[in-house]
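Sequence positions, counted from 1, serve as the residue numbers for this chain.
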Amino acid sequence: MLNTTDTVSRDKLVADFKVVVADAEELLKLTAGQAGEKLTDVRTRLGDRLVTAKDRIADAESAVREQTKKVAHATDDYVHKNPWQSVGVAAGIAFLLGLLAGRR
C-alpha cells in the first residue's frame, strides 16, 4: 500500500512537471518567428519531447488517481469492518486537535 508521503510526492512531481512543460511550450511559441537551421532542429526535438512528456504526465496522474482510489477503498473497508475502533481513533484525533487548538 502506498503511503501518503509517496502520494504527495507524486502529486508535487506531476505539478512541477506540468510547469516545466508549460514553460517549454511558451518558449516554442516565443521562438516561432525565429529563423535558422539549428533553432528549427531544436524546436522540432523540443516539440517531440513535449509530446512524450505530456503522455508521461497523463500516465503519472492516472497512476496517482488509481492509487488514491485503492487507498480510499481500503480505508472504507477497514472502517466498515472495525467501526468502533475507527470511532475511537477519530475521537482521539479530535481530542488532540482540540487540545492543540485550545493552547493558541
Side-chain angles (χ1 to χ4, degrees):
M1 182 183 276
L2 189 66
N3 67 29
T4 308
T5 305
D6 290 340
T7 303
V8 170
S9 296
R10 282 188 186 173
D11 289 342
K12 176 79 171 114
L13 180 62
V14 167
D16 290 347
F17 203 49
K18 282 183 175 183
V19 169
V20 170
V21 168
D23 289 346
E25 286 177 330
E26 184 178 350
L27 179 63
L28 281 176
K29 289 177 186 173
L30 292 173
T31 61
Q34 302 294 321
E37 188 176 318
K38 284 190 175 197
L39 187 58
T40 302
D41 183 44
V42 169
R43 290 185 76 247
T44 302
R45 285 187 298 172
L46 184 57
D48 292 343
R49 289 183 181 153
L50 279 174
V51 169
T52 302
K54 285 181 179 181
D55 289 342
R56 287 184 181 171
I57 288 173
D59 291 344
E61 283 182 314
S62 168
V64 167
R65 234 181 277 120
E66 187 63 33
Q67 192 63 38
T68 302
K69 286 179 185 177
K70 286 180 183 178
V71 169
H73 287 298
T75 303
D76 187 55
D77 289 343
Y78 178 81
V79 170
H80 279 87
K81 289 178 184 175
N82 305 295
W84 289 110
Q85 287 177 343
S86 301
V87 169
V89 169
I93 291 172
F95 177 73
L96 291 175
L97 289 175
L99 284 176
L100 291 174
R103 288 186 174 185
R104 294 181 183 220

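Listed by first then second residue, pairs satisfying salt bridge (Lys or Arg N to Asp or Glu O under 4.0 Å) with a partner in residues 18-28 read Lys18-Glu61, Glu25-Lys54, not counting sequence neighbours.
Residues satisfying the side-chain contact (heavy atoms from CB on, under 4.5 Å) test with Asn82, not counting sequence neighbours, are Tyr78, Gln85. Partners of Arg65 by salt bridge (Lys or Arg N to Asp or Glu O under 4.0 Å), not counting sequence neighbours: none found. In this view, His80 and Asp76 satisfy the side chain to side chain donor-acceptor pair (under 3.5 Å) rule, not counting sequence neighbours. Legend: residues meeting side-chain contact (heavy atoms from CB on, under 4.5 Å) with Ala24, ordered by chain and number and at least two apart, are Leu46, Leu50. With sequence neighbours left out, the side-chain contact (heavy atoms from CB on, under 4.5 Å) criterion links Ala53 to Phe17, Val21.
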Quick one: do Gln67 and Val71 satisfy side chain to side chain contact (heavy atoms under 4.5 Å, CB included)? Show the steps, please. CA-CA 6 Å; Gln67 192 63 38; Val71 169; 4.3 Å; yes
Given the rule in the side chain to side chain contact (heavy atoms under 4.5 Å, CB included) test, do Thr52 and Asp48 qualify, once you have shown the distances and angles that lead to the verdict? CA-CA 7 Å; Thr52 302; Asp48 292 343; 5.7 Å; no
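Hydrophobic cluster membership for Leu97: Val89, Ile93 (Ile, Leu, Val, Met, Phe, Trp, Tyr linked by side-chain heavy atoms under 4.5 Å, directly or transitively). Other members of a hydrophobic cluster containing Val51 are absent, since no ILVMFWY side chain comes under 4.5 Å of it, directly or through relayed contacts.
No donor-acceptor distance shorter than 3.5 angstrom exists from the side chain of Ser62 to the backbone of Ala58, with no hydrogens or angles considered.
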